[in-house]
Amino acid sequence: MSCLFCKIAGGEIPSKTVYQDEYVYAFEDVNPQAPVHILVIPRKHIATSLEIGDDDNELIGKLYQAANNIAKERGIADRGFRLVMNCNAEAGQTVFHIHLHLLGGRPMQWPPG
Ligand code: 5GP
Ligand code: ZN
């Protein structure tokens, strides 16, 4: 198992846990781009959003629900927050295990860079 985020979800590489259950692991991004920057990942290894299959629909819903609950807990739900999943090189994906970036705590620009 060579995937960085599989190792993080498995506890092999330390991270600052925000939330975890049987399906989902959430942790603080090591290089935060906003006051709140949390990564929400499935425990199941899925390399990019292109590899999300029919069997994963429920899992993807759980990712969003976990992110929503964390946003509420961090007090940014009503102010607003951004959920981003980069796919492949031009979008800036650097870790090939899908992750939702939960970003908030400051005004966001649009379009993103
Ligand atoms: P991507 O560029 O693939 O959308 O996002 C990868 C994210 O993972 C980046 O925001 C980066 O800061 C974060 N990251 C990369 N390596 C580590 C790590 O070892 N620990 C943590 N907590 N975050 C990481
Ligand atoms: Zn993985």
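Because the structure is predicted, anything quoted here is derived from the model rather than measured. Both ligands and their constituent atoms are indexed starting at 1 by order of listing.
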- prompt: Rounded to 10°, how big is the angle at the Zn ion (ligand 2) from C3 SG to H97 ND1?
  reply: 110°

task: Could you check which N/O/S atom of H45 is closest to the Zn ion (ligand 2)?
output: ND1

- prompt: So, for M85 and L63, which heavy atoms are closest and what is the spacing to 0.1 Å?
  reply: CE-CD1, 4.3 Å

- request: Check V84 against ligand 1 and report side chain, backbone, both or neither, counting heavy atoms closer than 4.0 Å.
  value: neither

message: Would you say that more than 12 heavy atoms from the other residues, nucleotides or ligands in this model lie under 6.0 Å from the CG of D78, or not?
response: no

- request: Could you tell me which atoms of ligand 1, counted from 1 in the order shown, lie closer than 4.0 angstrom to a heavy atom of I8?
  value: 18 (C), 19 (O), 20 (N)

message: If we only consider heavy atoms of G92, is any one of them less than 4.0 Å away from an atom in ligand 1?
response: yes

query: In terms of hydrophobic clusters joined by side-chain contacts under 4.5 Å, are I38 and F27 together?
result: no

field: Distance (rounded to the nearest 0.5 Å) between C6 SG and R43 CZ
entry: 10.5 Å

- prompt: Which is closest to atom 11 (C) of ligand 1 by heavy-atom distance: D29, I13, N31?
  reply: D29

Within reach of ligand 1, part of H101 (heavy-atom separation under 4.0 Å): side chain

message: Could you tell me, atom by atom, which parts of ligand 1 come under 4.0 Å of a heavy atom of N86?
response: 4 (O)

- prompt: Has ligand 1 got any nitrogen or oxygen that is less than 3.5 angstrom from a nitrogen or oxygen of T94?
  reply: yes

field: Separation of Y23 OH from L59 CG (nearest 0.5 Å)
entry: 9.0 Å

- prompt: Any idea which atoms of ligand 1 are less than 4.0 Å away from a heavy-atom of F5?
  reply: 8 (O)

- prompt: Does some non-hydrogen atom of H99 fall short of 4.0 Å from ligand 1?
  reply: yes

statement: Here the pair of heavy atoms bringing A34 nearest to L103 is CB-CD2, 4.2 Å

Residue and atom name of the nearest protein heavy atom (relative to atom 16 (N) of ligand 1), distance in Å to one decimal: L4 CD2, 3.5 Å

Which atom of A66 lies closest to which atom of V40, heavy atoms considered: CB-CG1, 4.1 Å

- prompt: Using 4.0 Å as the upper bound for N to carboxylate O, is an ion pair formed by R74 and E28?
  reply: yes

task: Among all protein heavy atoms, pick the one closest to atom 14 (N) of ligand 1 and tell me residue, atom and distance.
output: V30 CG1, 3.9 Å

- request: Pull out every atom of ligand 1 sitting under 4.0 Å from any heavy atom of F27, numbered as shown with elements.
  value: 21 (C), 22 (N)

- prompt: Hey, what do you get for NE2 (H97) to CD1 (I46), rounding to the nearest 0.5 Å?
  reply: 7.0 Å

task: Give the numbers and elements of all ligand 1 atoms closer than 4.0 Å to a heavy atom of E28.
output: 22 (N)

message: Quick one, F81 and I70 - any side-chain contact, counting heavy atoms below 4.5 Å?
response: no

- prompt: Can you find an N or O of V95 that's nearer than 3.5 Å to an N or O of ligand 1?
  reply: yes

